[in-house]
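Read the numbers this way: they start at 1 and go in the same order the structure lists the ligands and their atoms. Count residues from 1 along the sequence.
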Amino acid sequence: MKYNVLVLGSGGREHALCWKLAQSTLMGELHCIPGNAGIQGIAHIHSQPDILDFPSLEAFCVQNSIHLIVVGKELPLVHGIKDFFADTKILVFGPSKHAAMLEGSKIYTKNLLAKYNIPTASYHTFFNTDDALYHLESITKYPLVIKADGLAQGKGVDIVNNKEEAVASILDMMEHKKFQQAGEKIIVEDFLEGKELSYQVIVNHDQYFECIPTQDYKKAYDHNQGPNTGGMGNIAPAEWVTEEIQYNIHRQVVEPFMKALQTENNPYSGILFIGLMVNTNNQPTVLEMNVRFGDPESQVLLPLLESDLLALMIDIAQNKKLPESYRLDWKKNVSATCVVLTSKGYPDQYQTGYPIDGLDTLAKMDDCVCFHAGTKKIEKEILTTGGRVLNIVALGKNLQESTKKAYELIDLVSFEGKTYRNDIGE
Ligand code: AMP
Ligand code: GLY
């Protein structure tokens, strides 16, 4: 049987998902809502319906004989897309609304981690401004981390360096409603030092498969300066992650967390993204959980995955137990580097609508792939439409080689205001 698949989303992650899924022998017709110019080259893209309008989405699926929905971004999952389609014949790859609280509520996740003694930064939760401000009186050490409980488009975390900044952050979130309802409840937690890691696990209830570790470059400017972004680049595998670190992550975080979900009767299926800080003693601490693949983590992970992702997603969406011997198969001795090209000014104000040149030349190069993010095809031209525009991904026999290649390839494409970090892979 062939499966018609609908991918939801429009970023580099969704282009990487479409690219990988399209390679499966099980693939029938591939659709994407809303997609981008890169996805348009391999799938049917549609601007409607809205991906949160589930009844209209169901009508779309019936009309296009969709068998499986693959959700790229968190919002449809947090809004309960899995639960909505549970009574239909259409499969959804991803967790239920209840399980998606792992990303939808940071307080829910922190409490769960604490209950099961899984390492995470010490924290306090606050439901009103006065209590949060009063708590600052007892703080003797900065920096301090202040987090909005709900979804805030990746912007809900403030690292503050003194009491004045802490007060401003709390007032912004709780009084001035900077993130609307998402900031009505907050977490104040200890600042952790170390190296950050993105660790993604493909979960099928009590079975789970750990992906190779990847490293995100979140800050806008070189040497981790400037504001946080969705991610300016990524590498896989993160070579500094030794066997000892990986063992510690498995034993101290993944294994107990999977057991905790069982004990809590909160069955999980889909991708679990664990953001970790690893300290100088090789000990991991959980920073956050997300219920979908990372972006740009997917852009380096999926080109290194040999296994048939569509076959795996279908089995998991059908709640099928996988054979005990099932393992994810990764390309051996190959590294991937992704450099994100952004519009000048991202993550703050930026201009869009500029034509992109050089994509055809780039497409002819070996051992690389260009995943689109904020792009749109208008007649014959491809224009910029977002902050993150393109993801240039190069493969090599090690990180040094893939990184060198990624930076050579960047010169082949041009658009007004093209901006990127120079130190991805360092
Ligand atoms: P989160 O959305 O919780 O992952 O936070 C966004 C970013 O803020 C993380 O990727 C880290 O760079 C930073 N961050 C979050 N929590 C902490 C912490 N406790 N200590 C240091 N940095 C943090
Ligand atoms: N790159 C981080 C994320 O997708 O959450």
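- Atoms of ligand 1 lying under 4.0 Å from at least one heavy atom of Phe191, given by number and element, are 20 (N), 21 (C).
- Note on ligand 1: Glu193 sits outside its first shell, no heavy atom being nearer than 4.0 Å.
- Of all atoms in ligand 1, listed by their number and element, those nearer than 4.0 Å to a heavy atom of Lys106 are 1 (P), 2 (O), 3 (O).
- Here the rule is side-chain contact (heavy atoms from CB on, under 4.5 Å) with Leu341, and of Met232, Arg388, Lys418 only Lys418 fits it.
- Set against the non-hydrogen atoms of Lys147, the atoms of ligand 1 under 4.0 Å away are 3 (O), 15 (C), 16 (N).
- Ordered by chain and residue number, the residues placing a heavy atom less than 4.0 Å from ligand 2 are Asp216, Lys218, Gly230, Asn290, Arg292, Gly294, Asp295, Pro296, Glu297.
- Residue, atom and distance of the protein heavy atom nearest to atom 12 (O) of ligand 1 are Glu196 OE2, 2.5 Å.
- Looking only at atom types and distance, the side chain of Thr214 has a donor-acceptor partner in the side chain of Asn234 under 3.5 Å away.
- Seen from the ring of Phe273, Arg292 counts as a face-on cation partner, given the 6.0 Å and 45° thresholds.
- Looking at Val157 against ligand 1, only its side chain comes within 4.0 Å, counting heavy atoms.
- Contacts of Asp216 with ligand 1, taken as heavy-atom pairs under 4.0 Å, are absent altogether.
- In summary, Lys110 and Glu189 engage in a salt bridge, as defined by a charged side-chain N under 4.0 Å from a carboxylate O.
- Contact record, Phe371 with Gly12: CB-O, 4.0 Å, taken as the closest heavy-atom pair.
- For the residue pair Asn128/Tyr134, the side-chain donor-acceptor check at 3.5 Å is not satisfied.
- Judged purely by distance below 3.5 Å, without hydrogens or angles, the side chains of Glu264 and Tyr116 pair a donor atom with an acceptor atom.
- Here the protein heavy atom with the shortest distance to atom 7 (C) of ligand 1 is Asn228 ND2, 3.8 Å.
- Electrostatic pairing of Glu401 and Lys405 does not count as a salt bridge here, judged by no charged N lying under 4.0 Å from a carboxylate O.
- At under 3.5 Å, a nitrogen or oxygen of Leu192, whether backbone or side chain, sits near a nitrogen or oxygen of ligand 1.
- The protein heavy atom nearest to atom 13 (C) of ligand 1 is Ile159 CD1, 4.0 Å.
- Ser105 and Asp149 share a side-chain donor-acceptor pair at under 3.5 Å.
- Each of Leu6, Leu91, Val5 was compared with Ile66 under the side-chain contact (heavy atoms from CB on, under 4.5 Å) criterion, and only Leu6 meets it.
- Taking the side-chain contact (heavy atoms from CB on, under 4.5 Å) definition, one finds that Thr385 meets it with Lys376, sequence neighbours left out.
- Contact annotation: Asp190 has at least one heavy atom less than 4.0 Å from an atom of ligand 1.
- Here is the list of ligand 1 atoms found below 4.0 Å of a heavy atom in Glu189: 16 (N), 17 (C), 18 (C), 19 (N).
- Using a 3.5 Å distance cut-off with no hydrogens or angles, the side chains of Ser96 and Asp83 do not pair a donor with an acceptor.
- Scanning all heavy atoms of the two residues, the minimum distance from Pro256 to Arg251 falls at CD-O, 3.1 Å.
- Of the protein's non-hydrogen atoms, the one nearest atom 23 (C) of ligand 1 is Leu287 CD2, 4.0 Å.
- Nearest non-hydrogen protein atom to atom 4 (O) of ligand 1 is Glu288 CD, 2.8 Å.
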